[in-house]
Amino acid sequence: MNVSIKIYPAKNGDCFLVSFWEIITEKKHLLIDCGYVDTFQKYLKDDLIKIGESGGTLEKLILTHIDADHIQGAIRFLKDNNAEKFIAIKEVWHNTYRHLCVQKEGEIDIKQERILQQIIRRGNPQSESKQGEKGISAEQGTTVGALLLQGKYSWNCDFNNQAVCIEQRSEIELKPGTNIYLLSPDKQKLGKLKDLWTDELKRYGANFNSGNAQLYDDAFEMLLSWEIEKAKIAPKPISATKETLEELLKTPFDEDYTATNGSSIAFILQVQNKKILFLADAHPGLIVQSLNEYQNEGTIIFDLIKVSHHGSFGNISRELLHKIDSEKYLISTNGQKHGHPDKETIVHIITRKAGFHRKLYFNYITANSKYFDRKDWKEKYNYSIHYLDQQPYTLTL
């Protein structure tokens with residue numbers, strides 16, 4: 001079985017088109033996140049149109065979590081596809097308000113409705129548009145949830161229309177020999193997302209969780225996009241000497257605690273004998289727990305690992321690195337927002353002993369990818385650096 005992953009230029013975000021086939025005319029496709037609006041408009045849309053014109057469909061559209069760098073492009077995609085359908089989507093995975101809260105449809109008072117409308121009008125964080133990404137107009141009906149309802153898409157049906165979470169269902173068959181094994185989120189991670197929502201509503205003077213579900217979906221998505229990531233402590237300057245990597249290895253692990261990242265949909269895609277690990281921005285603790293249930297003993301060797309959260313050091317751990325390895329690692333980011341990938345992440349990947357050569361793939365040339373492009377280190381630790389910053393942006397397994 002052939003497998004290809006197209007890694008679109010999504011700036012500091014993610015957008016992956018996974019295709020697998022035995023016969024070229026019978027390709028199956030998964031779309032994982034959509035980056036920003038210009039990711040869709042400049043790169044993704046033409047590919048989706050070609051798939052649709054050839055009679056193909058998207059088996060799944062998986063939106064891993066609510067964050068502008070993952071879903072802004074999806075909003076534009078769904079708006080355009082709703083206006084004039086150019087590709088069929090068999091199933092969408094996306095968690096929002098309606099999957100976390102007990103719904104009691106009914107009237108809400110004018111004050112509460114005004115609060116929700118105020119949240120919606122606030123839109124996404126302004127910092128997102130400073131990097132050249134076109135924004136989405138902040139108005140009701142311009143969120144993923146609203147557009148999925150408008151387009152009448154099959155939404156979380158694999159999970160009985162409930163939240164995508166491992167307690168609901170952990171294994172989904174795409175076709176014989178091709179499966180998705182869900183690793184994240186669980187109900188606890190989704191509960192923290194709900195708690196964040198409740199706390200943020202209180203700050204706006206609201207204290208409720210029932211009423212117009214579509215209005216809540218819109219406000220929920222807009223509000224959670226404002227969650228602030230944990231500030232990184234600026235590292236002490238380290239000169240590029242023989243001691244550099246040893247100093248980096250001493251940096252203590254400090255796990256990401258943000259609720260939005262913790263709610264990420266992470267999974268193993270197994271296509272016959274090939275296994276790919278898509279970690280989204282997930283928290284490492286839950287990933288390790290789920291991987292131990294998938295295979296309790298030993299290290300799991302994958303054909304490709306998409307590193308969590310653009311290479312953030314807060315989204316790996318010693319336990320996770322003991323559990324997984326691969327000849328191919330993928331890091332998706334231009335490094336402009338948070339300075340990802342972190343040096344500490346890369347050094348922990350490359351310095352582990354292995355009986356094979358590791359290839360690190362980046363979809364942008366960044367300061368930290370260049371930092372590790374040293375002949376002596378590459379020879380000593382048996383790794384190489386590769387870039388997917390030119391067409392066709394594709395890895396074939």
Side-chain angles (χ1 to χ4, degrees), residues 8 10 13-17 30-41 44-45 48 58-83 85-101 103 116-117 119-125 128-129 133-159 161-165 185 190 193-194 196-197 200 212-227 259-261 263-265 280-281:
Y8 292 95
D14 280 349
C15 181
F16 310 114
L17 180 66
L30 307 177
L31 181 57
I32 305 166
D33 292 326
C34 296
Y36 288 102
V37 176
D38 62 354
T39 311
F40 170 70
Q41 291 179 325
L44 177 59
K45 186 174 184 179
L48 296 180
L58 290 179
E59 300 297 311
K60 309 284 181 198
L61 167 59
I62 300 174
L63 302 176
T64 60
H65 63 296
I66 295 173
D67 202 344
D69 60 336
H70 294 255
I71 68 168
Q72 283 277 291
I75 295 170
R76 180 62 65 193
F77 167 27
L78 294 169
K79 285 186 78 169
D80 288 3
N81 205 45
N82 287 357
K85 186 175 178 180
F86 51 85
I87 190 167
I89 305 171
K90 290 186 178 180
E91 171 81 0
V92 181
W93 291 3
H94 172 61
N95 289 333
T96 189
Y97 160 81
R98 66 183 55 236
H99 304 109
L100 305 185
C101 302
Q103 294 176 46
L116 292 177
Q117 294 287 8
I119 293 168
I120 292 165
R121 284 194 300 273
R122 187 185 184 197
N124 288 294
E128 305 298 349
S129 63
E133 298 89 0
K134 289 184 181 178
I136 295 290
S137 59
E139 58 188 35
Q140 188 184 348
T142 56
T143 61
V144 171
L147 293 165
L148 290 175
L149 292 172
Q150 182 189 95
K152 296 181 171 59
Y153 296 95
S154 177
W155 181 7
N156 288 9
C157 290
D158 288 327
F159 301 86
N161 302 311
Q162 302 298 310
V164 178
C165 69
L190 293 178
L193 193 68
K194 181 181 176 182
L196 174 64
W197 159 251
E200 288 297 303
N212 184 321
Q214 186 169 334
L215 190 62
Y216 276 78
D217 279 344
D218 285 8
F220 182 85
E221 194 172 305
M222 291 293 186
L223 192 62
L224 294 185
S225 69
W226 283 82
E227 186 184 15
T260 48
N261 287 343
S263 72
S264 287
I265 298 171
D281 290 1

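Throughout, numbering of the chain's residues begins at 1 and tracks the sequence.
Once rounded to the nearest 0.5 Å, the distance linking NE2 of His65 with CG of Leu63 reads 10.5 Å. Taken to the nearest 0.5 Å, the CG atom of Asn261 stands 10.5 Å off from the CG atom of Leu193. Here Ser263 contributes atom OG and Ile66 contributes atom CD1; the two are 7.0 Å apart, rounded to the nearest 0.5 Å.
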Next item on the list: Could you check Tyr36 against Asp69 for side-chain contact (heavy atoms from CB on, under 4.5 Å), going step by step and ending with a plain yes or no?
Entry: CA-CA 6 Å; Tyr36 288 102; Asp69 60 336; 3.4 Å; yes

Check: When you look at Leu31 and Cys15, which way does the side-chain contact (heavy atoms from CB on, under 4.5 Å) test go after all the steps?
Finding: CA-CA 7 Å; Leu31 181 57; Cys15 181; 4.3 Å; yes

Notebook entry, point to check: Does the side-chain contact (heavy atoms from CB on, under 4.5 Å) test come out yes or no for Ile87 and Phe77, once each step is laid out?
Noted result: CA-CA 10 Å; Ile87 190 167; Phe77 167 27; 3.8 Å; yes

Note to self: Run the side-chain contact (heavy atoms from CB on, under 4.5 Å) test on Ile71 and Glu221 for me, step by step, so that the C-alpha distance in whole Å, both residues' side-chain angles and the decisive distance to 0.1 Å come before the verdict.
What the structure shows: CA-CA 10 Å; Ile71 68 168; Glu221 194 172 305; 3.4 Å; yes

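With Glu91 contributing its side chain and Asp158 its backbone, the two residues share a donor-acceptor pair below 3.5 Å. At distances below 3.5 Å, not a single donor-acceptor pair connects side-chain atoms of Trp155 with backbone N or O atoms of Leu149.
The side chain to side chain donor-acceptor pair (under 3.5 Å) test applied to Asp33 returns Thr64, His70, not counting sequence neighbours. With sequence neighbours excluded, the residues forming a side chain to side chain contact (heavy atoms under 4.5 Å, CB included) with Ala163 are Asn95, His99, Leu190, listed by chain and number. Lys90 pairs by the salt bridge (Lys or Arg N to Asp or Glu O under 4.0 Å) definition with Glu59, not counting sequence neighbours. By the salt bridge (Lys or Arg N to Asp or Glu O under 4.0 Å) test, Asp14 is found to be paired with Lys306, residues two or more places apart in sequence or in another chain being considered. Every residue meeting the side chain to side chain donor-acceptor pair (under 3.5 Å) condition with Asn81, not counting sequence neighbours, appears here in chain and number order: Tyr153. Taking the side chain to side chain donor-acceptor pair (under 3.5 Å) definition, one finds that Thr96 meets it with nothing, sequence neighbours left out. Remark: Tyr8 engages no residue in a ring-ring contact (aromatic ring centres under 6.0 Å, His included) (not counting sequence neighbours). The salt bridge (Lys or Arg N to Asp or Glu O under 4.0 Å) check on Glu200 picks up Arg203, with sequence neighbours excluded.
Across all their heavy atoms, Leu147 and Ile75 have their closest contact at CD1-O, 3.4 Å. When all heavy atoms of Asp218 and Ala146 are compared, the closest pair comes out as OD1-CB, 3.4 Å. The two atoms that bring Asn161 and Cys157 nearest to each other are OD1-SG, 3.3 Å, heavy atoms only. Across all non-hydrogen atoms, the minimal contact from Phe220 to Tyr97 is CD2-N, 3.4 Å. Pairing each heavy atom of Asn156 with each of Gln162, the nearest pair is ND2-O, 3.1 Å. Looking at every heavy atom in both residues, Ala10 comes nearest to Thr39 through CA-OG1, 3.5 Å.
In this structure, the side chains of Ile265 and Ile32 stay at 4.5 Å or more apart for every pair of heavy atoms.
No option in Leu48, Val144, Leu61 other than Leu61 meets the side-chain contact (heavy atoms from CB on, under 4.5 Å) test with Cys34.
Under the 30°/60° scheme for interplanar angles, the aromatic rings of Phe159 and Trp93 are found to stand perpendicular.
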